[in-house]
Amino acid sequence: MEPGDPAQVLVVGAGPTGLALAAQLTAFGVRVRLVDRAADRVHESRALAIQPRTLEVLAGLGVTERLVAAGNRMVRLVLHVRGRALSLPMFDFGLADTAYPYLLFLSQAETERILTEHLAAAGVVVERQVELTALTQDGDGVSCELSHGDGRAEVVAARYVVGCDGAHSSVRRLAGIGFEGGTYPQTFVLADVDADGIEPGAAHVFIGDRGPLFFFPLGSPATWRLLAIRPPAEVDDGRPVDLPAVQDLADEYTGGGVRLRDPVWMTDFRIHLRAATAYRSGRAFLAGDAAHIHSPAGAQGMNTGIQDAVNLAWKLAHTLRGATPRLLDTYETERLPVGRTVLRFTDRAFTAATSTTPLVRAARARVPALLVPLAARAKRARAFVFRNAAQLGIRYRNSPLSTDNARSWRRGPRPGDRLPDTAVLHNGERTTLHAAVAAPAWHLIVCGASPPPAALVELTGRYEGVLVVHRLTAQPDPGVLHDPSGQALRRLGLTTTDTALLLVRPDGHVGFRTAELADPGLPAYLARWL
């Protein structure tokens, strides 16, 4: 953004969600201001697991390689039950169509650092110690009053404002959006420490009477993240969270087999389960923890927020370019059900893991030993669980943006589904389907046409800079996506002789598909939304 240019979008909150939103908007050429009330970014680990789908959607920004290089890939979980260690491979089924078939452990501090540096290179600097204090809006935009750390007040005019400012969101409060839910009774302890006596290269769960104790692999400056429920007596007595207290907790679960040392960060906290009653009020939007907060079960929180940001960014960008305002209505239509599903999943998982009823406690002690051998054989069930935890299974089939003109096409991704990834060739060089459609635009994949019909050529000219066309074929040809094995076509539910069109949205989900290359539904779809 050039000095003096007004922002088109004001993003409030510079955590992972706000940083990802600002980065995506900037990639589309949107002028952004990003403000945060804190004096600095976080320096504690906090959210530390990045799911495969999050790595996919950030790859187009060019930051995923840096995240992966800085993080710790986890592909194995070890359950410790009654003195037995039961090893369970993670993400070994159901993830063949992604370049990131693992859970990446990386401190939130590092995630924020990498995203902040990416934004700075693009000319967007996080404005610190800046708080939103007032918000008014009309049909043309929003007027936001900002309070700076030096006492200066500023009024900012923008077309839209997005609250990525967490559970105590100023945007949500000022927009008059409710935040419903409650707080779990348990108090948790979190510690980033080094530890002796625990096998590296895996995540560990020790099952106890009160619930599980987790050891998640970190990297630097601490080797492990410990997470467990604090004994109620310690909370009632006001015992501080220090190394002796956390060691006592570890001894209770591990029988003294793990020794903790060199703590980097320790705290206790309560867990809330709350959801915004709406994700939008006029020109004000919510994303991330401002819209939904829940337990850390399944490592969904930060990842869901980043998915919110990716979904909203391209819709704001296209609307600012003149697309129909109806496009923005689909943000809540698509993302609010996802948020509710995550809340239900995390609530059930949390309740099962922490319930103190005798029946559940007995099941926690016995069921894992029975389930692990079963899970090792139940490949299809594991694939389903892994895909949903990895957020690869998120789909928007009921969205107004999802149009299927090929209902007899039974296999492959349907409109609303994520486009699967697989290896292809381009001019003899190895690439992937996702890499080919990574540019911030709509992508039309033309299968089986040589050359494309004149109507398609004319259509790309009409939407120049917005729509990119790719030919995918099993036959080598300059400039096409060459699929010599036919694997990419099979992932799309096609054979090497089929003809088809798939229109891929900027967030990597299929918007429209048809088996007819001259289908009039395609130009009608584009005219309706763009």
Side-chain angles (χ1 to χ4, degrees), residues 1-2 5 8-9 23-32 57 59-62 122-123 159-160 310-328 330-331 399-403 405 415 419 424 426-427 429 431-473 477-482 488 492 499-530:
M1 187 169 71
E2 293 298 322
D5 284 348
Q8 294 171 301
V9 179
Q24 293 283 349
L25 288 168
T26 302
F28 279 96
V30 176
R31 299 190 303 275
V32 179
V57 298
L61 297 174
R159 295 285 300 280
Y160 300 98
V310 170
N311 186 287
L312 178 59
W314 70 268
K315 296 173 181 178
L316 284 170
H318 281 301
T319 304
L320 287 165
R321 289 178 179 176
T324 172
R326 295 194 310 271
L327 193 59
L328 291 176
T330 68
Y331 170 63
S399 169
L401 282 166
S402 300
T403 299
N405 279 14
L419 181 76
V424 291
H426 185 257
N427 293 331
E429 298 292 329
T431 184
T432 68
L433 205 53
H434 278 198
V437 301
W442 290 75
H443 296 266
L444 181 62
I445 301 176
V446 182
C447 304
S450 180
L456 286 182
V457 176
E458 189 274 332
L459 196 63
T460 60
R462 192 186 314 167
Y463 293 98
E464 186 176 1
V466 177
L467 179 65
V468 182
V469 176
H470 312 268
R471 282 180 54 212
L472 175 64
T473 174
D477 203 1
V480 307
L481 298 177
H482 180 208
L492 300 180
T499 60
L501 298 177
L502 285 96
L503 182 64
V504 182
R505 306 170 1 168
D507 59 1
H509 287 260
V510 177
F512 175 94
R513 74 173 185 175
T514 179
E516 302 295 330
L517 298 183
D519 191 333
L522 176 61
Y525 179 96
L526 291 170
R528 179 186 181 193
W529 292 110
L530 299 182

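In this chain, residues are counted from 1 in sequence order.
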Shortest non-hydrogen contact from Thr324 to Thr319? O-OG1, 4.1 Å

Apply side-chain contact (heavy atoms from CB on, under 4.5 Å) to Ala23 and list each qualifying residue two or more places apart in sequence or on a separate chain. Leu61, His118, Leu119

Considering non-hydrogen atoms only, spot the tightest contact between Gly479 and Asn427 and give its length. N-OD1, 2.8 Å

What are the two closest heavy atoms between Asp477 and Arg471, and how far apart are they? OD2-NH1, 3.4 Å

Under the side-chain contact (heavy atoms from CB on, under 4.5 Å) test, residues paired with Ala317 that sit two or more places apart: Phe28, Val30

According to the salt bridge (charged side-chain N to carboxylate O under 4.0 Å, His left out) rule, which pairs have a member within residues 434-445, sequence neighbours left out? none

Residue pair Gly511 / Pro415: nearest heavy atoms and the distance that separates them: O-CB, 3.7 Å

For residues 508-522, which residue pairs pass the side chain to side chain donor-acceptor pair (under 3.5 Å) check, not counting sequence neighbours? Asp404-Arg513, Asn405-Asp519, Thr514-Asp519

Nearest 0.5 angstrom please: Leu312 CG to Leu328 CG, how far? 7.0 Å

Sequence neighbours excluded, the answer for salt bridge (Lys or Arg N to Asp or Glu O under 4.0 Å) partners of Arg462 is Glu458

Closest approach of Leu25 to Ala313 (non-hydrogen atoms, all atoms of both residues): CD2-O, 3.5 Å

With a 4.5 Å heavy-atom cut-off, do Tyr160 and Leu320 have their side chains touching? yes

Got a donor-acceptor contact below 3.5 angstrom from the Gln8 side chain to the Arg31 backbone? yes

Under the side-chain hydrogen bond (donor to acceptor under 3.5 Å, both in side chains) test, which residues partner Thr330, sequence neighbours left out? Lys315

The test is side chain to side chain contact (heavy atoms under 4.5 Å, CB included); show your working for Leu444 and Phe512 and say whether it passes. CA-CA 9 Å; Leu444 181 62; Phe512 175 94; over 6 Å; no

By ring-ring contact (aromatic ring centres under 6.0 Å, His included), His470 pairs with (sequence neighbours left out) His443

For Val469 and Leu456, run side chain to side chain contact (heavy atoms under 4.5 Å, CB included): C-alpha distance rounded to whole Å, both residues' side-chain angles, the deciding distance at 0.1 Å, then the answer. CA-CA 9 Å; Val469 176; Leu456 286 182; 5.8 Å; no

Salt bridge (charged side-chain N to carboxylate O under 4.0 Å, His left out) contacts in which one or both residues fall within residues 499-508, not counting sequence neighbours: Glu334-Arg505, Arg505-Asp507

CA sep, side-chain torsions, deciding dist, call: Leu492, Leu472, side chain to side chain contact (heavy atoms under 4.5 Å, CB included): CA-CA 11 Å; Leu492 300 180; Leu472 175 64; 3.7 Å; yes

Once the angle between the rings of Trp442 and His318 is folded into 0 to 90°, is it parallel (under 30°), tilted (30 to 60°) or perpendicular (over 60°)? tilted

Review item, side-chain donor-acceptor pairs of residues 522-530, under 3.5 Å, at least two apart:
| unit_1 | atom_1 | unit_2 | atom_2 | d |
| --- | --- | --- | --- | --- |
| Tyr525 | OH | Leu401 | O | 2.5 |

Minimum-distance pair of heavy atoms, taken over all atoms of Pro440 and Ala27: CG-O, 3.6 Å

If we only count heavy atoms from C-beta on, is the Ile445 to Leu419 side-chain gap below 4.5 Å? yes

Test salt bridge (Lys or Arg N to Asp or Glu O under 4.0 Å) applied to Glu429 - qualifying residues, sequence neighbours left out: none

Please name all residues satisfying ring-ring contact (aromatic ring centres under 6.0 Å, His included) with His434, sequence neighbours left out, ordered by chain then number. none

